[in-house]
Amino acid sequence: VPRSLTLTEVAELAGGRVEGDPERRVDAVRALASAGPGDLAFVTAERFRGAAEASVAGALLVPPSLADVDRDRVVCADPGLGIVAVLERLYPEPRPAAGVHSTAVVAATATVHPEASVGPLAVVGERTVLEARVAVHAGAVLGDDCRVGEGSTLHPRVVLYPRTVLGRDVIVHAGAVVGSDGFGYATGPSGPVKVPQVGCVIVEDRVEIGANTAIDRATLEATRIGADSKLDNLVQVGHNVELGPACIVCGQAGVAGSTRLGRGVVLGGQAGVADHLEIGDRVQIAAASAALQSLGADQVVAGIPAVEIRQWRRQTSGIARLGQMLRRLRALEKTLEAEEERHGDDP
Amino acid sequence: VPRSLTLTEVAELAGGRVEGDPERRVDAVRALASAGPGDLAFVTAERFRGAAEASVAGALLVPPSLADVDRDRVVCADPGLGIVAVLERLYPEPRPAAGVHSTAVVAATATVHPEASVGPLAVVGERTVLEARVAVHAGAVLGDDCRVGEGSTLHPRVVLYPRTVLGRDVIVHAGAVVGSDGFGYATGPSGPVKVPQVGCVIVEDRVEIGANTAIDRATLEATRIGADSKLDNLVQVGHNVELGPACIVCGQAGVAGSTRLGRGVVLGGQAGVADHLEIGDRVQIAAASAALQSLGADQVVAGIPAVEIRQWRRQTSGIARLGQMLRRLRALEKTLEAEEERHGDDP
Amino acid sequence: VPRSLTLTEVAELAGGRVEGDPERRVDAVRALASAGPGDLAFVTAERFRGAAEASVAGALLVPPSLADVDRDRVVCADPGLGIVAVLERLYPEPRPAAGVHSTAVVAATATVHPEASVGPLAVVGERTVLEARVAVHAGAVLGDDCRVGEGSTLHPRVVLYPRTVLGRDVIVHAGAVVGSDGFGYATGPSGPVKVPQVGCVIVEDRVEIGANTAIDRATLEATRIGADSKLDNLVQVGHNVELGPACIVCGQAGVAGSTRLGRGVVLGGQAGVADHLEIGDRVQIAAASAALQSLGADQVVAGIPAVEIRQWRRQTSGIARLGQMLRRLRALEKTLEAEEERHGDDP
């Protein structure tokens, strides 16, 4: 099905206005460097003006600061946001057909909505409920007593342990594991003793969970991923953790057991948060940093252990000058020694 | 099957004594904050006295230091350990029925004990042996020539590469991969050349391996995970590594190739250990730290590179004072310059 | 099939010469410490001379510096490279039989070469092409419109998202996910808004991808893994990343979105590279380090943030001396105060 859009249609989708030929058609969105005459490219900031002017893209989606660029164009407040609806129209995600594939293994007591889809070789456990428009892709394994809300997508080979609850429009990427046993051991007379993890994981609406990410279920209650939170690939979430809504957790970051993150917290790639902490709303923890203490709202921190980011920058530049400091210290010592000797000569 | 326990039964399971009504029944274990009148909550330390007193839990499992709390209660030496048997009784893990699911693919030369269970869409390779009470869950793939000891559990989508050996009562969580090729390359004239990895992985009794963890097989001999060791999610274990018994490896930690860890070593979350090192018994490496040198027994280290933890604390506080040190250094330099000038005036 | 080799054959395979009995037979390659009279062991460097002499291996593969060791031996320029062909001969990797297993689910529009193999319970999507000698192992899931080049191997439970392209002789280990959605969100009025990721992943010839590694597809164009690059386990590659040829990425390392690595770049274990950077040819980033800025060719860096490695060593030793520096600073201050007081007494 070939699709294309006029710039008038692009402007409607992106929430902008056309400058130039409103009837020009684009049939693909490409990067500035690779776009050709039939393509739309988008530019997010003034600093890409040179690249935009050098591009041979047929049309551009630009911010107001680039409204004057000499090309058929659509001007909108935020091209990074405006492009979303354009991409959705030009590249519709194929939804699998409703129904259960003949090779899937669905328990007799499971409830699969007639508009839900269960792909080949997927497994759905006892009493598990799939609501309307749920898509369970090939090879996913859902344990007993799970619930998956309307419109949610489980990519190939996702595993939900028993009792996992997903809200609406949740996306779980391939290989992610939700609800695995928390890492809890008591100290027995002859080594570590496993503490049964009898809680669950609750994933709220519109959460996205990356490939091969692991989220442990709670010891007693619920590990909770708040609505609109987005977790990247290979993220680790320990048992009893609560992520406030709209958190962003970048690749390979980890949150240790029983820690609570507020609303809109951002963890950079490979960042870590220690266990049993409280991280306030909108805190940002830089990539490759580790928060080892609780943090009040709105702090921006970096380093291991993480400190306020300006302090971290000062520390970093201080460390870079350590050699120089040591030399200056030695110079002072010598000067003083020389003085002492001179004074020693004094009568 | 509804279950409940009297406090007398709780005391027997936990190894403690009842204070208050021995006939009081509890049917669930909940966290202090969410427990209601029908629930048991447990308290591990004196510092939770306030929370314990504020809780409306019907009964408490407490340590001797809280023996006086005003509630029907069971007092035991270590509630964190005592609760284990209570949880096991109230929340028995359902074991899958023995037998091979009709959709599993089991090689003709494999040996599956009649009391073992192979779930839907699992694959068991040639000559692989599953001993009594082994549970292979849905979608797990066991290569050729593996052996899985009595009572071990492989959660959904675990992969064992050929020749992997698991001991008794091993638990492998969903998505974990055991026995993948070690990361070994020689330098050829036109780029890296793969060195065949012809060894295996041996996992000893009672080991637990977390979700999406990866353990590479040895180049020639065996990568070995010692008995009672517990590995959390997303852990990386390189080829030829040997983990002594009873090691604790927290989430996203990694051990590079050919390194040996002694007995009871603890790696915090995201900790790393470089290759070809010897890490002594009971060494503890803090979260977000990296051991780049071998370590003698009983050391507790932190930082990148990891140093003795008190030294790391001093370094950390020293780094925090770098700005101040620099100011003091400048002040000294000025003072001395001023003196020099004054002395310069001297006859 | 028992196999053994004479030392003459070993010398031919390894590209070396026999010293001692050319008819001596070896039937296994073992580590120095465990090899017995029927085994070959290999020694890569002069510093293992003691271990080589102590070994009871029947024969040794040694470098020229150990040509004089008293044992039947093969001397070759690089035993670490020479052993490769010997291992390949003694331990041939069994290739699965060609053909599609009866339990695999292959789309009617897929093209499977008659010499390709699709294992049990694997899934191959619409219009996907498997070339000659491709091996898709049990439980792997290939989406629609993928292409897998000649001789490539997909281990159990690999997932390729739609439109993924693999070159020739690529190896993808169990649980790896290639082509998952890039982590891209615009800021909407009520929280993060998912940006459709309509690009793909292109993996070039002879790449090896480790267990449970995740590679995201590009937003618009292609995430690209250059020929001969080797990625270890649990590696994260963000969207739009380009890895030059022959890169080595060790376990748990990560490359954030839109960063480009040149030819032959090496990332140590748990290393990270921030987004939108240019990393020059042959750059080496040490384990547990994080590159937060672009780097010119041939740099060797370490630390967080990563700096030139000699500078990092100086910083590290400087940090270790911070306590001592502080004490020296105090001593100077006291000396000066004492002087000031004395001068204060001066007329």
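So you know, we letter chains A, B, ... as the sequences are listed, proteins then strands, and number each from 1. Everything quoted here is computed from the prediction, not taken from an experiment.
Of the two parts of A/L326, the backbone and the side chain both hold a non-hydrogen atom closer than 4.5 Å to a non-hydrogen atom of chain C. Of the atoms belonging to A/A320, heavy atoms from both backbone and side chain fall under 4.5 Å from chain C. Looking at A/R330, the atoms closer than 4.5 Å to chain C (heavy atoms on both sides) sit in the backbone and in the side chain alike. Looking at C/Q315, the atoms closer than 4.5 Å to chain A (heavy atoms on both sides) sit in the backbone and in the side chain alike. Neither the backbone nor the side chain of C/A291 comes within less than 4.5 Å of any heavy atom of chain A. C/A274 does not touch chain A: none of its heavy atoms, backbone or side chain, sits under 4.5 Å away. Proximity to chain A (any heavy atom under 4.5 Å) is shown, for C/V159, by both the backbone and the side chain. Of the two parts of C/A256, neither the backbone nor the side chain holds a non-hydrogen atom closer than 4.5 Å to a non-hydrogen atom of chain A. For C/T316, no part lies under 4.5 angstrom from a heavy atom of chain A. Neither the backbone nor the side chain of C/A331 has a heavy atom closer than 4.5 Å to any heavy atom of chain A. With a threshold of 4.5 angstrom between heavy atoms, C/V307 does not approach chain A through any atom at all.
For the pair A/S34/C/E221, a side-chain contact is recorded, criterion being any heavy-atom separation below 4.5 Å from C-beta on.
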